[in-house]
Every structure is written in C-alpha cells, then in structure tokens.
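What you see below is based on every heavy atom in this structure, not just the backbone, and it leaves out hydrogens, waters and symmetry mates. Whatever order the structure lists them in is the order used to number ligands and atoms, beginning at 1.
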Amino acid sequence: MYSSTRVAICGAGPSALSQLHAFESARKSGLQIPEIVCFEKQNDLGGQWNYTWRTGFDEYSEPVHSSMYKNLWTNLPKECSEFVDYSFDKHFGQPITSFPPRTVFSDYIRGYAEQNNVRQYIQFNIVVQWISYSEDKKKFNVLVKDLRKDETRSEEFDYVIVATGHFSMPNIPYFNGIETFLGRILHSHDFRSAQDFADKHVLLIGNGFSAEDIALQLYKYGAKSVTLSYRTKPKGFKWPNEVKEVPLLVKIDKETVYFKDDSSQDVHAIIFCTGYLHYFPFLDNNLRLKSTNCLYPPGLYKSMIWLNQPRLIYLGMQMQAFSFNVGNIQAWYARDVILGKITLPSTKDKMQFDMKLWQVKEEAVQNFPDKANFLKEYILDLIDATDYPRFDIDGMIKILLECLKSRFENLITYREKTYASTLTDTTAIQHHTPWLREMDDRLENFIRK
Ligand code: FAD
C-alpha cells in the first residue's frame, strides 16, 4: 500500500491538512503513496485556529504557536476561504453568516480533516527540533521531541514538507524611550482579550489587518481611546470617535507617547501590531527560508519548492488571501512532484528563470486588486499542472474586493453583509445579533436560530 519513500510533514494546520488530504485521496483512488508522518507540536490539529489562553510558552516550555484571541471574528468573508471539496454548507448543513467567529472556522477545519480521514497520519505533541540533509545518504535527518515523554529521536526521510505557518514569531521594532514606559507592552501575538483594556487608552503600532481588527475589538469592549500609529499612510477608514490614526511613534517618555507630527498622548498600554517573522529555527542553514511577508518568497520555485534542495517543500509561506485554496493547490502540486507525476525543470537555472518571471510580476503589484490578480495567476499556474478541480477564482476575487470596499463604507457593520458561495451558490444569512453587540462567540450560540 505504501512505497518505501518516506515523507515528513511539519505542522498540522490547514496547509498540512491539505497535504494529508492530497495524499489520502491519491491512496483512496488506488495509487501507491509514500509513508507519511506528520509531526504536530500542539495536542490537536487546526494550527492558528486553536485558541489558547497561554502566552509566551506552553506547558512543555515550547513557544505558543497561536496568535488568535478570544472573540475573534473573521475579517474576510468565509466565501474566500472555502475548501473547494468541502463547502461550509456541507459542514453545517445550513447556511451560515459570511463572517463567522474563530470557533466556527475551527470547527469547519476540523470537519474537513475528519471527512478526509487524515488524523491517522498525525503524531501530536511532537515538536520538530532539527532538520538537516545528508548528501551522502540523500536523506533528511529529522530530530523530533516527544513533549509528553521528554524524549528525542531521529528519523530519516526522503522528503520534508514544512507547513509551520508564519504568524507566530513577533516582529518587534525598538522605539526611543520604550524602556521608560510605565504601562503594559505586548505584541498582537500575545493579545488574548479586549476586555483587559476596557476604560484604557491604548496605542497600537501599525495599521495593517491585525491593528485594524484589534482596534475594533478594543472599541467594542470599551477601551476609552484607541490610537493607531502608521508608518506610511493612514487607512482612511471612517473610524468611530474613540479611534484615530496618527503618524509614526517617535519617542516614549514614561506614560507619554510622541508622534512624528509633534502630537503626543498619555496611554496605558502599547500593542505592537508590527507583523511576524518567517522563523524556522529547526532547519539547517542551507535549508532555511529567509523571507518577508511577500507574494513570492525568495528561494522557492513556484513559491514552494526549495531551489537548493527540491526535496524540501514549504507550504503557505506567501502573503495570504484565499489561504485554504492556495494551501490545497500547493498540496496537490507537492504531492504530484513527490509521486513523480510532475517533473521539475531539469536544472536550477531553468527554475530560477521561472522564479524571475514571477518576481518581476510581483514588483509590478501596487494595490490589493493587483495582489488578488497575482494570486489568481499563481493559482491557475499550479492548477494547470495537477488534477485539482478548477473553481471560480474570479468570483472569489470579486467577493474579496467588494468586502474591502464595504469596510470603507462602514467599518462597524461590514460584517453584516452576506455573500454567496462560489461553490454552492448559497447566499449567507445574517447573524442573529449585530457584530458590535455580539459578545458570545461560542459555536452553540452562533448556530442557534
Ligand atoms: P498554521 O495555522 O500556523 O499551522 C502551523 C502548524 O505548525 C501549527 O499547528 C503549529 O503548532 C505547528 N508547528 C509549528 N512549529 C512546529 C514544529 N517545530 N514542530 C511541529 N509542529 C510545529 N486566514 C483566513 O483565511 N481568514 C482569516 O480570517 C484569518 N484570520 C487570521 C487571524 C489571525 C490573528 C492570524 C494570526 C491568522 C489569520 N489567518 C486567517 C491566517 C491563518 O494563518 C491561516 O488561515 C492558516 O492558519 C494558515 O495555515 P498553516 O497550516 O499554513 O499554518
């Protein structure tokens, strides 16, 4: 049933689950597949979508992976994050809203994993500690630690797939005088509950997706004021009166923060919403991806195959939109490379030539529609090489752009809009309680009529 080839998959978040599904569906269709071993350091599957109250380190002194917070509701319509062969309709058996809370997304991801029978491949509470490649043996050596037993062991693999995500290691720049600050300082990775900041004046550094959503959470849960400090330009939303945008922070003195436009303010807390680093401490130097959050990470052919050692494959490392679909398609492509159905270019130069073409395209990207179109082209390029089902990517882009526009119309109510699934045509329903008044993100509350 299994060939003698061994494949290690690091992580069991949505990208890895797609990879397992790709192999399992090949096996079910009668193909011989490699022996697959998936190592996951958490005690369950789901990756980022597993909320934890912990910050810093977990019960085994491993860095906490998830950056999600209590009461997180998706800020992009679920219709842009629907697994092509597992619709939300199929999972819930009824239409749901377009912007569900984390609990609902997490339940959906779990359903996808269970329906595809992939849990059998995953070893939980196993952290990958070190991966190197032996040119002599033509094998990867993978050192893992069983966290419950506190024991390490090494295994050899022919391929390694890294699906450990890139939203876990905080990027924290220095600001002049920060050591004098009298209040609380944290990164959005450690933000768990907006209730902690009720009646407080809060400064958010950054104005990307995280800052925008945390600002709204803080407003919702009663912060006295929220100030977002931007580096290049303001978002330009119609913020509620309690929220404002200011230029970059230049200095901190005790409780006072000073900005580039000479304005200042006293705040109780500073939250860094300054993004994440691609961080792979478990990979040997010659295997380690070094990238910013971009559309086409350097050193990766097709944004996924490590140029210097094509038996090392990274999943989900580019800037994310339609993340579940991109993950799925990459997984299909990776599987077909490993099964020998896709032949990679014969030389490194040929791969580099292809990468260069994509990098030139990336340089021309200026705005969100350009990003979406880049991803569309990328998706189609990969789909063409596999038997992954085609789907209505134009329809998904349309929904995404409509949603981004509706945020400018009303940032508080955009989550009340409903979109139609490009897979099933079902139009989402409105949630029973408007987002601003909905304080209960439990699944049971969500699906009650
Ligand atoms: P992850 O979900 O990060 O999974 C990686 C897995 O690898 C984890 O389970 C982790 O424990 C494991 N791992 C890490 N290191 C090791 C190791 N050394 N050994 C073993 N296992 C390891 N996407 C959307 O589509 N819609 C949204 O609304 C949305 N909101 C988001 C909000 C926040 C706050 C964040 C942080 C992300 C959000 N995302 C959203 C993006 C989200 O990251 C993706 O949806 C998805 O989780 C990416 O899947 P992944 O499998 O690539 O990575």
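- Salt-bridge check for K41 with D58: failed, with every basic side-chain N at 4.0 Å or more from each acidic carboxylate O.
- Protein residues are said to neighbour a ligand when one of their heavy atoms lies under 4.0 Å from it; for ligand 1 these are G11, A12, G13, P14, S15, F39, E40, K41, Q42, G47, Q48, W49, H65, S67, M68, L72, T74, N75, S81, I126, V127, V128, A163, T164, G165, F167, F282, Q320, S323, F324.
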May I have the list of side-chain donor-acceptor pairs in residues 13-23 shorter than 3.5 Å, sequence neighbours left out?
{"residue": "S18", "atom": "OG", "partner": "P14", "partner atom": "O", "Å": "3.1"}
{"residue": "Q19", "atom": "NE2", "partner": "A331", "partner atom": "O", "Å": "3.1"}
{"residue": "H21", "atom": "ND1", "partner": "N116", "partner atom": "OD1", "Å": "3.4"}
{"residue": "H21", "atom": "NE2", "partner": "D85", "partner atom": "OD2", "Å": "2.6"}

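- Paired with Y108 under the rule ring-ring contact (aromatic ring centres under 6.0 Å, His included), one option of F446, W49, F88 passes, and it is F88.
- Between S421 and the options E79, K78, E82, a side-chain hydrogen bond (donor to acceptor under 3.5 Å, both in side chains) holds for only E82.
- By the side-chain hydrogen bond (donor to acceptor under 3.5 Å, both in side chains) test, E156 is found to be paired with K137, residues two or more places apart in sequence or in another chain being considered.
- In this view, S67 and Q48, H189, Y276 satisfy the side-chain contact (heavy atoms from CB on, under 4.5 Å) rule, not counting sequence neighbours.
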